[in-house]
A.B. asks: 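Mind having a look at this structure? Questions to follow.
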Amino acid sequence: MTDIVDELKWRGLFAQSTDEDALRKALADGPVTFYCGFDPTAASLHVGHLVQVLTMRRLQQAGLKPLALVGGATGQIGDPRPTAERTLNSPETVAEWVNRLRDQIKPFLDFDASLPNAARMVNNLDWTANLSAIEFLRDIGKHFRVNKMLTKESVARRLESQEGISYTEFSYQLLQGMDFLQLYRNYGCTLQQGGSDQWGNLTAGIDLIHRLEPDAQVHALATPLMTKADGTKFGKSEGGAIWLNASMTTPYAFYQFWLNTDDRDVSRYLRILSFRSREELEELEKVTEERPQARTAQRALAEELTTLVHGEDECRAVIAASKALFGQGELADLDAATLEAALYELPHVRADGFAPVVDLLAETGLVASKSAARRTVKEGGAYVNNVKVTAEDAVPGPEDLLHGRWLVVRRGKKNLAAVEITG
């Protein structure tokens, strides 16, 4: 069992722990029950959460027993952000989001009750809903020291700001600390897993358990925060967060996010997120170093994660769409939803009627002017729905529309745009 720590380190998933030697011993003695928490502060998890979900999966495969906590209580407050106060959502909204997040997490873990390390879903609203304010302050609050709570980075930054921090968000540490205590008492949970930005919250639970259960041997394990080589935040694109919910980020956009991974990041992302063997990952790293233009590692990453999150059928559909857009398949064979998702990722314009191809090339921005468009047609570089346009006065008709709505315009091999005919 101890090799899981070495595996996490090799994969770049081990930022720090409260006591590595003690953790290794606990894992060797086993079995170990651990938990990771997810707050429903949005209607979906995003790819930043995927690091934790897949780490849970990895730990379960190594024999540990996971508790997936979706915080129906903490989600009503929210972990304090470094910049500004969160907007509080209604209890009804949070309850709905709890169910959505639970459904997203379930496919990644094995909940088969016949397994000795079967996963379990838990909700911290179960032990807070009937807790009075007096009980909370006497039984939990008494064991926290304000001077230590003030040292948490997000709290300290908020205290320095003009807005400050509300008592509501300041109290989040107490609630998360109580979670670990309850899970220790109810399920024998002795390990909390989370991101390194949660370190203050992770250790708050350990401190609380040590005050109330002096003989308890409990641990915290933090994974590093993922960042991009260019310094921007991982999980963000020009359109915002990359969500796991298909209606918030389409499978096509999800696939493209990973396919567009920077060469400087792809090997690191594969180690952290992929379930391929060391040998396979080292081979992909070698290919990236020797032939980065092939983007073999990016395709491997995109295919594996799209399959994990959205399933094999969706992954096949988005791969087919990606190929078809660049002339390696039939656009007409794509289903309407996949085609629409793919085309919305391209520059696109709406038109209420049909116009000459040279006009479409210019209006979509594929060329700078109509004269440049005519040159493109003359030189054989203009395509509509992957069919070369040979006449400068060519005008698409209703029979050219994909699913009665779309035209795909291309200049050369790689410059694409979409035209949506609305009239």
Side-chain angles (χ1 to χ4, degrees), residues 230 237-239 250-264 266 287-288 290-303 306 316-336 338-351 353-403 405-421:
D230 62 7
S237 71
E238 291 183 5
T250 66
Y252 183 86
F254 185 86
Y255 178 88
Q256 291 295 322
F257 171 77
W258 299 109
L259 191 63
N260 292 326
T261 299
D262 192 301
D263 289 337
R264 296 169 294 175
V266 67
V287 170
T288 299
E290 295 177 350
R291 301 192 307 278
Q293 69 280 4
R295 302 191 71 76
T296 304
Q298 282 88 342
R299 284 200 302 274
L301 179 65
E303 290 181 22
T306 304
R316 280 196 295 268
V318 299
I319 292 172
S322 297
K323 290 181 177 179
L325 286 176
F326 294 96
Q328 300 173 34
E330 293 295 330
L331 286 165
D333 292 342
L334 302 178
D335 66 84
T338 302
L339 177 67
E340 180 177 346
L343 297 185
Y344 268 122
E345 297 300 310
L346 301 176
H348 63 276
V349 297
R350 290 183 173 88
F354 294 94
V357 172
V358 292
D359 291 5
L360 298 180
L361 286 167
E363 289 171 10
T364 56
L366 291 178
V367 295
S369 64
K370 290 184 182 180
S371 60
R374 283 189 285 270
R375 284 197 303 273
T376 299
V377 172
K378 187 176 181 179
E379 293 167 0
Y383 299 81
V384 172
N385 298 347
N386 291 336
V387 177
K388 183 180 290 188
V389 178
T390 57
E392 293 182 20
D393 59 351
V395 180
E399 69 281 2
D400 296 310
L401 292 180
L402 300 168
H403 293 287
R405 181 179 169 194
W406 295 100
L407 296 171
V408 178
V409 184
R410 175 157 56 92
R411 177 177 63 83
K413 292 182 178 181
K414 297 183 178 181
N415 300 293
L416 290 162
V419 179
E420 183 179 7
I421 304 298

A.B. asks: May I ask you to test the Leu360-Val349 pair for a side-chain heavy-atom distance under 4.5 Å?
C.D. replies: no

A.B. asks: First locate atom CD of Gln298, then atom OH of Tyr255, and finally report the distance between them rounded to the nearest 0.5 Å.
C.D. replies: 10.5 Å

A.B. asks: So Arg405 and Glu340, do their side chains get closer than 4.5 Å, heavy atoms only?
C.D. replies: yes

A.B. asks: Ser369 and Ala362: which non-hydrogen atoms are nearest, and at how many Å?
C.D. replies: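 That would be C-CB, 4.1 Å.
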
A.B. asks: Just wondering, do Pro356 and Asp393 contact through their side chains at under 4.5 Å, heavy atoms?
C.D. replies: no

A.B. asks: Is any side-chain heavy atom of Arg264 closer than 4.5 Å to a side-chain heavy atom of Asp230?
C.D. replies: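 The answer is yes; the side chains approach within 4.5 Å.
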
A.B. asks: Can you see whether Gln328 engages Asn386 through a side-chain donor-acceptor pair at a distance of less than 3.5 angstrom?
C.D. replies: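 Not at all, the side chains of Gln328 and Asn386 share no donor-acceptor pair under 3.5 Å.
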
A.B. asks: Is it the case that the side chains of Ser322 and Gln256 hold a donor-acceptor pair, with the cut-off being a distance below 3.5 Å and no angle test?
C.D. replies: yes

A.B. asks: Any side-chain heavy atom of Thr306 within less than 4.5 Å of one from Ile319?
C.D. replies: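 No. Closest side-chain heavy atoms not under 4.5 Å.
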
A.B. asks: To the nearest 0.5 Å, what is the distance between NE2 on His403 and OG1 on Thr338?
C.D. replies: 8.5 Å

A.B. asks: Would you compute the distance between atom CG of Leu334 and atom OH of Tyr252 and round it to the nearest 0.5 angstrom?
C.D. replies: 9.5 Å

A.B. asks: At what distance, to the nearest 0.5 angstrom, does CZ of Arg410 lie from CG of Leu346?
C.D. replies: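 Result: 11.5 Å between the selected atoms.
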
A.B. asks: Flag the pair Glu392 / Val357 as yes when at least one side-chain heavy-atom distance between them is below 4.5 Å, and no otherwise.
C.D. replies: no

A.B. asks: Within a strict 4.5 Å, meaning less than it, do heavy atoms of the Leu407 and Leu402 side chains meet?
C.D. replies: no

A.B. asks: Dump the intermediate steps for side-chain contact (heavy atoms from CB on, under 4.5 Å) on Phe326 and Leu416, then the final yes or no.
C.D. replies: CA-CA 8 Å; Phe326 294 96; Leu416 290 162; 3.3 Å; yes

A.B. asks: Given side chains that start at C-beta, do those of Trp406 and Glu420 come closer than 4.5 Å, heavy atoms only?
C.D. replies: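 Yes, close enough: below the 4.5 Å cut-off.
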
A.B. asks: Show your working on side-chain contact (heavy atoms from CB on, under 4.5 Å) between Val377 and Leu361 and close with a plain yes or no.
C.D. replies: CA-CA 10 Å; Val377 172; Leu361 286 167; 4.3 Å; yes

A.B. asks: Is Arg411 reaching over with its side chain to a backbone N or O of Ala417, donor-acceptor style, under 3.5 angstrom?
C.D. replies: no

A.B. asks: Nearest 0.5 Å please: distance from the CZ atom of Phe254 over to the CG atom of Leu259.
C.D. replies: 12.5 Å

A.B. asks: At what distance, to the nearest 0.5 angstrom, does CG of Asn385 lie from CD of Glu330?
C.D. replies: 10.0 Å

